[in-house]
Amino acid sequence: MKAQLRELVLQAIKSLQNDTILPADLALPGFVIERARSREHGDFACNVAMLLAKLARANPRELAEKLVAALPANALVEKVEIAGPGFINFYLSPDAYHAEVRQIFDRGDAYGRSESGAGKTVGVEFVSANPTGPLHVGHGRNAVIGDCLSRLFDATGWNVKREFYYNDAGVQIANLAISVQARARGILPDDSGWPEKGYRGDYIADVARAYLDRESVVADGETVVGEGDVDNLDAIRRFAVASLRREQDLDLKAFGVGFDVYFLESSLYSDGKVEEAVKGLVDHGHTYESEGALWLRTTDYGDDKDRVMRKSDGTYTYFVPDVAYHLSKWQRGYENAVTVLGSDHHGTLARVKAGLQALDVGIPKGWPHYVLYQMITVMRGGEEVKISKRAGSYLTLRDLIDEAGRDATRYFLIARKTDSQLIFDIDLARSQSNDNPVYYIQYAHARVCSVLRQAPEKGFTVDLQEGLAHLDRLDTEHEQILLTELSKYPELVEAAAANLEPHILAAWLRELANAFHTYYNSYQFLVDDAALRNARLALVVATRQVLKNGLGLLGLSAPESM
RNA sequence: GCCCUCGUAGCUCAGUUGGAUAGAGCGGCCCCCUCCUAAGGGGCAGGUCGGACGUUCGAAUCGUCUCGAGGGCACCA
């Protein structure tokens, strides 16, 4: 709808230019067509006259008059008014909304999908947790954000690759290995022989036991068998990594999250990607040697100081493999790339981006996009739940899913802007009651199903085709509000994907559910007048479809009864 | 000290990229089942959009300063 109105306005501007009312060389201002905030202002409002007035030094209202006169006729538009300082308000015809309902029926599950991504490839990297422990709430937020973004990209015509990057060989992994080894030797976290930075959680003991029992684990397509030899640290490391990777995968699966690519940091070294990246940076003259180390001149790209790439002991600092990894994404044809990252890592962005620019291989400046999310405070019983990995006090993602359910956990973690700190109230999330907003949306879906189930029981026929032919019977205010909400869905999917903001979909689904519940409480759908009955049923079935599609984009179920 | 994010109702948060009278949920008070699940609906109360100055037709939104919260500022990852 919005796009069609925009086209009409553009034609009107062109027409005024032809009539020399507006200069032909006018730089087109970035005007907007937006949903009117209140129904008194019609359906859509356009601010173009006010912006043009400034450029053409004309009176905005007079210019609006001329623009309106030049607007081509269109069946969508019932009337156009000028209001306030020069807004052009569009009032859509009932036919415009009825056509939208027919669209929903025609396209079904595909309603709201678009081809704006044009089949280009986007790589979405998320979770990327190192296999040193179970996933916690923060990983959960990361997982839902990445998963919903992936779904949104898919819905807007992108070819999506979901990618999980992890370190299987660094300092943390060595620490994991010695922790498991200590446990396998019967040393407890408070004993004197316990490694200083060892991971203290109970899961370490579980891994140690499985290793000693020579169990086998399957992770990332490989089978690793515990050798049982307490002195073989390398075997312990491989077994521990595989064990924790498998646990994480089980948790993610329970959360409805999956990946196309698992990328190992160690492969960047074994495949020569790190050397390639370093060579690229050195060859382009963006590095220098100082104090026995190799430095990257990141200050050339807006960083506040230069960064060490290769330490004096010959090993690389962590951001070098990061640059190599992103280079690999670029080389694998990811025209767009999104990395979901906790905001505590935001300091690394500048140097990774600087490194990618310094490679000089044509990577655009804004590539990749980083979606940063703030930390989570978990509340239980009115008190903050403290999380400390090292101390072993842990609220795992699995705990949350078990307690609150997949849908509620996902909804709570996606319903807010990523860059606001969020408070996760476990008591609220696990409450199976009307306090819980996710059920409110799902209930709307279930209610439509319930109505359809009851129609034959009450002796009513359901003929949706007849309903679609009588949509003009939907003439109440409640019906108009619902029709309007439904028509917003394609715009919202587009906006949520383009702005990397899945939360706006979550917020809007609540509004759609509210419009439906209000309607439900105001009118009977199952009435004797067949044309009216079927028209109303067609409307609520369309609502059910859009609820289902929207819930699907958030990875939430659409239950038929509750 | 420097950098990033945030600050909107008692609480938790939206606010369509600068638009018209700032919204929702929870909590509080009041009302609605002879009726398709009341896991619902309607209403009332509740605001100096942290503060100040600026930019312009117009600011919660942009800029500068300031206060507050969180995070980042290692040859740690």
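Computed from a predicted model, the values in this text were never measured in an experiment. Just so you know, these numbers use all the heavy atoms, side chains as well, and skip hydrogens, waters and symmetry mates. Order of the sequence lines sets the chain letters (A, B, ...), proteins ahead of strands, with each chain counted from 1.
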_For a quick check of understanding: with a heavy-atom distance under 4.0 Å over all strands, which category does A:L349 fall into, base, sugar-phosphate or nothing?_
nothing

*Can you list the residues that meet the ring pair (Phe, Tyr, Trp, His ring centres under 6.0 Å) rule with A:Y373, with sequence neighbours excluded?*
none

*Scan every strand shown for a Watson-Crick or G-U wobble partner of B:C26, both distances under 3.5 Å, and answer none if you come up empty.*
B:G10

*Measure from the side-chain N and O atoms of A:N59 to the backbone N and O of A:A53, and report whether any donor-acceptor pair falls under 3.5 Å.*
no

*Whole-Å distance between B:U12 C1' and A:F424 CZ?*
13 Å

*To the nearest Å, give me how far apart CD1 (A:I441) and P (B:G25) are.*
13 Å

*Euclidean distance, atom CG of residue A:L505 to atom C1' of B:A14 [Å, nearest integer]*: 14 Å

*Report yes if the distance between the aromatic ring centroids of A:Y519 and A:F525 is under 6.0 Å, otherwise no.*
yes

*Apply ring pair (Phe, Tyr, Trp, His ring centres under 6.0 Å) to A:Y165 and list each qualifying residue two or more places apart in sequence or on a separate chain.*
A:Y325

*What interatomic distance, in whole Å, is found between C1' of B:U48 and the corresponding atom of B:C67?*
16 Å

_Should A:H41 be counted as stacked on B:A20, where stacking needs a ring-centre gap under 5.5 Å and an angle between planes under 30 degrees?_
yes

_By the definition side-chain contact (heavy atoms from CB on, under 4.5 Å), identify the one residue from A:V80, A:L92, A:N89 that meets it with A:F44._
A:L92

*When we call it a touch if two heavy atoms are under 4.0 Å apart, what does A:N89 touch: a base, just sugar-phosphate, or nothing?*
base

_5' precedence on RNA chain B between A:R35 and A:R453 (nearest-nucleotide basis)_ = A:R35

_B:U16: pairing nucleotide in any strand, Watson-Crick or G-U under 3.5 angstrom_ = none

_Interatomic distance, A:R510 CZ vs B:G41 C1' [rounded to whole Å]_ = 12 Å

*Are any non-hydrogen side-chain atoms of A:T339 and A:V371 less than 4.5 angstrom apart?*
no

*Counterpart residues, side-chain contact (heavy atoms from CB on, under 4.5 Å), relative to A:D313 (two or more places apart)*: A:K311, A:T315

*Sequence neighbours excluded, which residues qualify as side chain to side chain donor-acceptor pair (under 3.5 Å) partners of A:S116?*
A:S114, A:E494

*Whole-Å distance between B:G15 P and A:E511 CD?*
11 Å

*In the structure shown, which nucleotide is the Watson-Crick or G-U wobble counterpart of B:U5, with both distances under 3.5 Å?*
B:A69

*asked:* What's A:S38 touching, base or sugar-phosphate or nothing? Going by heavy atoms closer than 4.0 Å.
replied: nothing

*asked:* Going by the rule ring pair (Phe, Tyr, Trp, His ring centres under 6.0 Å), which residues pair with A:H503 if we only count those two or more places apart in sequence or in a different chain?
replied: none

*Can you give one letter per nucleotide of nucleotides 70-77 of chain B, going 5' to 3': B for a protein heavy atom under 4.0 Å from the base, S for sugar-phosphate only, - for none?*
SBSSSBSB

All N/O pairs under 3.5 Å across the protein-nucleotides 34-36 of chain B interface:
unit_1	atom_1	unit_2	atom_2	d
B:C35	O2'	A:Q524	OE1	2.5
B:C36	O3'	A:Q454	OE1	2.9
B:C36	O3'	A:Q454	NE2	2.7
B:C36	N3	A:F525	N	3.1
B:C36	N4	A:Y520	O	2.6
B:C36	N4	A:Y523	O	2.2

*Using the C1' atom in both, what is the distance from B:C6 to B:U61, to the nearest Å?*
14 Å

*What integer distance in Å separates A:H517:NE2 from B:A39:C1'?*
8 Å

*Measure from the side chain of A:P85, starting at C-beta and using heavy atoms only, and say which of B:G40, B:A24, B:G19 lies closest.*
B:G19

*Closest listed nucleotide, where the reference is the side chain of A:L51 and the choices are B:A39, B:U21, B:G19*: B:G19

*Looking only at side-chain atoms of A:Y440, point me to the closest of B:G40, B:U5, B:A39.*
B:G40

_Please give the distance between the C1' atoms of B:G7 and B:C13 as a whole number of Å._
12 Å

*Rounded P spacing from B:G46 to B:U5 in Å*: 36 Å

*NA contact type, A:D419, heavy-atom cut-off 4.0 Å: base, sugar-phosphate, or nothing?*
sugar-phosphate

*How would you label the glycosidic angle of B:C33: syn (within 90° of 0) or anti?*
syn

_Please determine whether side-chain contact (heavy atoms from CB on, under 4.5 Å) holds for the pair A:R536 and A:Y523, giving the CA-CA distance in whole Å, both sets of side-chain angles, and the decisive distance to 0.1 Å._
CA-CA 9 Å; A:R536 286 179 173 172; A:Y523 300 96; 3.6 Å; yes

*Nearest to side-chain heavy atoms of A:R416, which nucleotide of B:A38, B:A14, B:G41*: B:A14

*Could you pull out all residues at least two apart from A:D529 that satisfy side chain to side chain donor-acceptor pair (under 3.5 Å)?*
A:R473

*If pairing requires Watson-Crick or G-U wobble contacts with both distances under 3.5 Å, which nucleotide is the partner of B:U37?*
none

*Any side-chain N or O of A:S420 less than 4.0 Å from the OP1 or OP2 oxygen of B:U5?*
no

_Please report the distance, rounded to the nearest Å, between CZ in A:F87 and C1' in B:G19._
4 Å

*For nucleotides B:C26 and B:C3, find the distance between their C1' atoms and express it as a whole number of Å.*
37 Å

*Which is true for A:A415 with a 4.0 Å heavy-atom rule: it touches a base, it touches only sugar-phosphate, or it touches nothing?*
nothing

_Pairwise C1' distance for B:G18 and B:A60, with rounding to whole Å_ = 11 Å

*What distance, rounded to whole Å, do you find between the two P atoms, one in B:C29 and one in B:C65?*
47 Å

*asked:* Please enumerate all residues that pass salt bridge (Lys or Arg N to Asp or Glu O under 4.0 Å) together with A:E81, with sequence neighbours excluded.
replied: A:K79

*asked:* Applying salt bridge (Lys or Arg N to Asp or Glu O under 4.0 Å), can you list everything that pairs with A:R406, at least two apart in sequence or on another chain?
replied: none

*For A:A83, which contact category applies under a 4.0 Å heavy-atom criterion: base, sugar-phosphate, or nothing?*
base

*With both distances kept under 3.5 Å, what pairs with B:A52, Watson-Crick or G-U wobble?*
B:U64

_Listed partners of A:Y411 passing ring pair (Phe, Tyr, Trp, His ring centres under 6.0 Å), at least two apart_ = none

Measure all distances between protein nitrogen or oxygen atoms and nitrogen or oxygen atoms of nucleotides 8-11 of chain B, and list the pairs falling under 3.5 Å.
none

_Under 4.0 Å, counting only non-hydrogen atoms across every strand here, what does A:A446 touch: a base, just sugar-phosphate, or nothing?_
base

*Could you state the CG-P distance from A:L63 to B:C57, rounded to the nearest angstrom?*
15 Å

_Proximity of A:Y301 and A:H286 rings by center, below 6.0 Å_ = yes

*Rounded distance in Å between the C1' positions of B:A9 and B:A14*: 13 Å

